[in-house]
Structure formats: C-alpha cells, structure tokens
Asks: 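Just passing along the structure, written as structure tokens.
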Protein chains: 2
Amino acid sequence: MQSGMEWSAQLRRGTLELCVLGMIRHGQVYGYELASRLARWEALAVSEGTLYPLLRRLSNEGLIEASWQPSPAGPVRKYYRLRPEGEQWLERMEAEWHRLTDSVAEVLGERSE
Amino acid sequence: MQSGMEWSAQLRRGTLELCVLGMIRHGQVYGYELASRLARWEALAVSEGTLYPLLRRLSNEGLIEASWQPSPAGPVRKYYRLRPEGEQWLERMEAEWHRLTDSVAEVLGERSE
DNA sequence: ACCGTGTACCTTGTGCTACACAGTAGCTAA
DNA sequence: TTAGCTACTGTGTAGCACAAGGTACACGGT
C-alpha cells in the first residue's frame with residue numbers, strides 16, 4: 001500500500017462542497033450531471049462514491065432538496081435544488097474561500113519582512 | 001460535542017503543508033515561529049498540535065531537514081530548512097494549487113451554458 | 001415478442017489521513 | 001516561584017478514495 005493518498009485529494013477537501021453548491025445555484029441538476037460537469041476540470045474530478053454521499057449530507061443538513069423527475073431518455077433522475085439556507089451557506093463559504101486563497105497567495109508571494 | 005468540525009478546517013486540508021513549505025523556502029525557521037507567522041492570517045491559524053506532526057512528517061519524507069540551534073533567550077529551537085526534494089515538491093504543489101483555485105473560480109463564476 | 005448487452009443513474013461500505021483539541025514537559029529569565 | 005517560550009504526544013472527527021452493488025431504460029438480434 002503506497003504511502004499516502006494523493007496530496008491533491010487533501011486539497012480538494014471542502015472544495016467539492018463549495019463547487020457542488022455553486023453549480024446547483026444556477027438551476028437544478030442531477031448527480032450524474034454534476035459528476036460529468038466537474039470532470040471537465042481535472043483538478044475537480046470525483047468518483048460517484050464521493051459525490052453521492054456528499055449530496056445526501058447536504059440534503060440532510062437542509063441546504064439542498066431533491067426531487068425525482070423523468071428523463072427524456074434513460075432512468076429517472078434525482079434533481080437537486082438549492083434551498084434558501086443553502087444559499088446563505090454558500091455565500092459564507094465563498095467568503096471563507098476567498099479569505100483562504102488570499103492568505104495563501106500572501107504566504108507564497110511573501111515579501112520577507 | 002457540536003456536530004461538526006468547522007467547514008474551514010476541511011478547507012485548510014493540504015493548504016497548511018503548502019504554506020509551511022512556502023514559508024520555509026525563504027530561510028530557516030523554527031516551529032513556534034511558524035505558528036506565530038501563520039496566526040497573522042485568521043484563515044491559516046493552526047494549533048501547535050497540528051503543526052508539529054506535520055513538520056515531523058515532512059522531515060520523514062525528506063522534504064525538509066531540522067537542526068537544533070540555541071535561542072538568544074529561551075529554550076533551544078529546532079530550525080527547519082528546505083531540502084532540494086522539498087523545493088521540487090513545493091513547485092508541484094504550487095502548480096496544483098493554482099489549477100485548483102482556477103477551476104473553482106470558473107465553477108463559481110460560471111456562466112451556465 | 002423475447003432476450004441480452006450496454007449505458008445512465010443512484011447507493012453503500014471500508015479504509016486512510018490530516019486536522020482539532022487538550023494535555024505533557026523542559027528550559028530560561030525575572 | 002512564576003511566567004513565557006519551545007517542542008511533543010494522544011485521541012477523536014470527518015470527508016475523500018476506492019470498489020463494489022443495484023435498478024431502470026434503450027437498442028440490437030433472433
């Protein structure tokens with residue numbers, strides 16, 4: 001067993017939650033679609049076994065809500081929609097995310113004082 | 001016990017490693033100093049119980065190396081210095097970090113297509 | 001019509017690992 | 001002694017990877 005999960009997997013922590021909420025914000029989407037959209041960016045690609053438990057957790061926390069809707073071609077789809085609580089939470093997350101990235105940028109581009 | 005570690009704690013994952021290496025790059029520093037410097041940014045503040053195990057891990061992986069040096073006033077200090085392997089690793093981490101932040105920016109600022 | 005295969009779609013369980021938190025301990029100076 | 005500086009340790013938490021499992025629809029062959 002190799003020493004260690006990819007470091008990038010650690011980096012992704014928390015980020016996935018932010019991205020999923022950010023994607024759902026623009027309109028309802030279903031799980032498989034989310035996975036496909038995220039896969040466009042190599043750095044954000046996740047397996048379904050990572051995504052679906054997250055969606056369930058967000059549902060349990062009342063940040064999103066799901067509804068079954070027929071598919072034009074294929075099995076029934078579970079569409080997720082952002083709830084007001086989720087919207088507020090998303091705004092706080094975005095603010096926190098920017099605080100973090102700004103701080104890291106300062107550390108990395110640090111002028112030694 | 002409250003349900004849930006702060007979300008920001010999840011976000012920090014992996015980030016700390018990047019910041020520590022980034023700080024050590026500019027010259028040798030000791031653990032306590034690192035903790036103090038990181039604490040300047042609220043988003044990056046970590047307890048010593050988080051920092052020291054990380055420093056040990058980075059040492060074991062050969063990315064940094066430590067040496068004891070006396071303090072002008074106080075206990076002996078353990079100074080850390082970046083090794084060549086650490087420098088290469090840091091560059092890869094920075095690239096990965098930028099890939100991630102760029103991707104997240106696209107997702108959040110996404111024009112729904 | 002029936003059957004098999006592929007694909008879209010959702011679910012579950014186990015293990016790993018970094019971080020939080022709280023505690024321990026020694027050394028120096030006032 | 002007190003107080004601050006400095007390093008270390010142990011336990012718990014929680015999300016992500018990985019690897020399966022399972023259902024429903026579409027399509028081709030017969």
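Every chain is numbered from 1 and lettered A, B, ... according to where its sequence line falls, protein lines coming before strand lines.
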Asks: Return whichever of A/Y30 or B/G14 has its heavy-atom-nearest nucleotide of DNA chain C closer to the 5' end.
Replies: A/Y30
Asks: Looking at every strand, decide which applies to A/W7 at a 4.0 Å heavy-atom threshold: base, sugar-phosphate, or nothing.
Replies: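 Counting heavy atoms under 4.0 Å across all strands, no contact is made by A/W7.
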Asks: Work out which heavy atom in B/G14 is nearest to a heavy atom in A/L11; give both atom names and the distance.
Replies: C-CD2, 4.1 Å
Asks: Check every atom of D/dC16, C/dC19, C/dC10 against the side chain of B/A9 and return the nucleotide holding the closest atom.
Replies: C/dC19
Asks: Which part of the nucleic acid does B/G31 contact within heavy-atom distance under 4.0 Å: base, sugar-phosphate only, or nothing?
Replies: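 Counting heavy atoms under 4.0 Å across all strands, the contact made by B/G31 is with sugar-phosphate only.
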Asks: By nearest heavy atom, map A/S71 and A/Q10 onto DNA chain D; which one lands nearer the 5' end?
Replies: A/Q10
Asks: Are any of the side-chain nitrogens in B/E17 or B/R57 under 4.0 Å away from the carboxylate oxygens of its partner?
Replies: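 Between B/R57 and B/E17 there is a salt bridge, with a charged N closer than 4.0 Å to a carboxylate O.
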Asks: If the cut-off is 4.0 Å, is B/R12 near the phosphate of C/dC19, judged by side-chain N/O to OP1 or OP2?
Replies: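 No, no such contact exists.
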Asks: May I ask you to evaluate whether B/R57 reaches the phosphate of C/dA18, defined as a side-chain N or O under 4.0 Å from OP1 or OP2?
Replies: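 For B/R57, the contact criterion (side-chain N or O under 4.0 Å from OP1 or OP2 of C/dA18) is met.
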Asks: Determine: side-chain N/O of A/S47 to OP1/OP2 of D/dC18, distance under 4.0 Å, yes or no.
Replies: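 Result: no.
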Asks: Would you classify A/L55 as touching base, sugar-phosphate or nothing, given that sugar-phosphate means primed atoms plus P, OP1 and OP2, and contacts are heavy atoms under 4.0 Å?
Replies: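 No contact at all - A/L55 keeps every heavy atom at 4.0 Å or more from the nucleic acid.
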Asks: Between B/R56 and D/dT9, is there a side-chain N or O to OP1/OP2 distance below 4.0 Å?
Replies: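 Yes.
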Asks: At under 4.0 Å between heavy atoms, what does A/E48 touch on the DNA or RNA strands: base, sugar-phosphate, or nothing?
Replies: base
Asks: Output a table of donor-acceptor pairs, distance under 3.5 Å, between side-chain atoms of residues 42-50 of chain A and any protein atom two or more places apart or on a different chain; print 'none' if there are none.
Replies:
residue, atom, partner, partner atom, Å
A/S47, OG, A/T50, OG1, 3.4

Asks: When you look at B/I64 and B/V20, which way does the side-chain contact (heavy atoms from CB on, under 4.5 Å) test go after all the steps?
Replies: CA-CA 10 Å; B/I64 62 179; B/V20 164; 5.7 Å; no
Asks: What nucleic acid atoms does A/R77 come within less than 4.0 Å of, heavy atoms only: base, sugar-phosphate, or nothing?
Replies: sugar-phosphate
Asks: Quick check on D/dC8: is either OP1 or OP2 less than 4.0 Å from any side-chain nitrogen or oxygen of B/Y52?
Replies: no
